[in-house]
Amino acid sequence: PKVFYTQPGGAVKVIDGAVGDSVMSTAVKNGVKGIVGQCGGTLSCATCHVYVDRAELKYFPDPTEDEDDMLECTASDRADNSRLSCQLTLADGVDLHVTVPDEQV
Ligand code: FES
């Protein structure tokens with residue numbers, strides 16, 4: 001599946017990801033700017049914050065309580081489509097569009 005990462009300036013980076021990887025690890029592996037993933041996906045940093053295309057939120061289960069708590073600690077403002085990308089798993093045949101926030105740390 002492809003992940004389209006829109007940078008704060010509007011540039012889009014398209015990555016061919018692997019099923020089962022997260023949106024965070026796909027970004028880090030491929031050098032997508034603005035997704036840090038400091039804690040490695042253990043829900044203790046909030047530096048993997050992204051805004052998910054609203055039509056695609058349905059592909060993911062609602063945030064767990066731990067993710068919800070960490071979403072209160074993001075460097076850029078939380079929005080109704082904010083998620084922590086380490087919690088978003090790529091699935092077969094599901095392309096995703098996410099926007100990277102202005103600030104991550
Ligand atoms: Fe740290 Fe997602 S990588 S919370």
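On a predicted model such as this, the values are computed, not experimentally measured, just so you know. One-based numbering, in listed order, for ligands and for the atoms of each.
Taking every non-hydrogen atom of G41 and a distance limit under 4.0 Å, the qualifying atoms of ligand 1 come out as 3 (S). Atoms of ligand 1 found under 4.0 Å from any heavy atom of C48, numbered from 1 in the order shown, are 2 (Fe), 3 (S), 4 (S). Under a 4.0 Å criterion applied to the non-hydrogen atoms of C86, ligand 1 contributes the atoms 2 (Fe), 3 (S), 4 (S). Less than 4.0 angstrom separates some heavy atom of G37 from each of these atoms of ligand 1: 3 (S). Listed by number with element, the atoms of ligand 1 under 4.0 angstrom from any heavy atom of C39 are 1 (Fe), 3 (S), 4 (S).
Taking 4.5 Å as the limit, some side-chain heavy atom of Q87 sits within range of a side-chain heavy atom of L43.
Within 6.0 Å of CD on E65 lie no more than 12 heavy atoms contributed by other residues, nucleotides or ligands. Open room surrounds CG on D77; 12 or fewer heavy atoms of other groups in view lie less than 6.0 Å from it. Sparse packing is recorded around CG of D92, with 12 or fewer heavy atoms of other residues, nucleotides or ligands lying under 6.0 Å away.
Ligand 1 lies nowhere less than 4.0 angstrom from a heavy atom belonging to T47.
Taking 2.8 Å as the criterion, C45 counts as a coordinating residue of atom 1 (Fe) of ligand 1, since one of its N, O or S atoms falls below it.
For the 3.5 Å distance criterion, the side chains of T74 and S76 fail to qualify, holding no donor opposite an acceptor.
At a heavy-atom distance under 4.0 Å, no atom of S85 approaches ligand 1.
Under the 4.0 Å criterion applied to side-chain N and carboxylate O atoms, R78 and D68 are assigned as salt-bridge partners.
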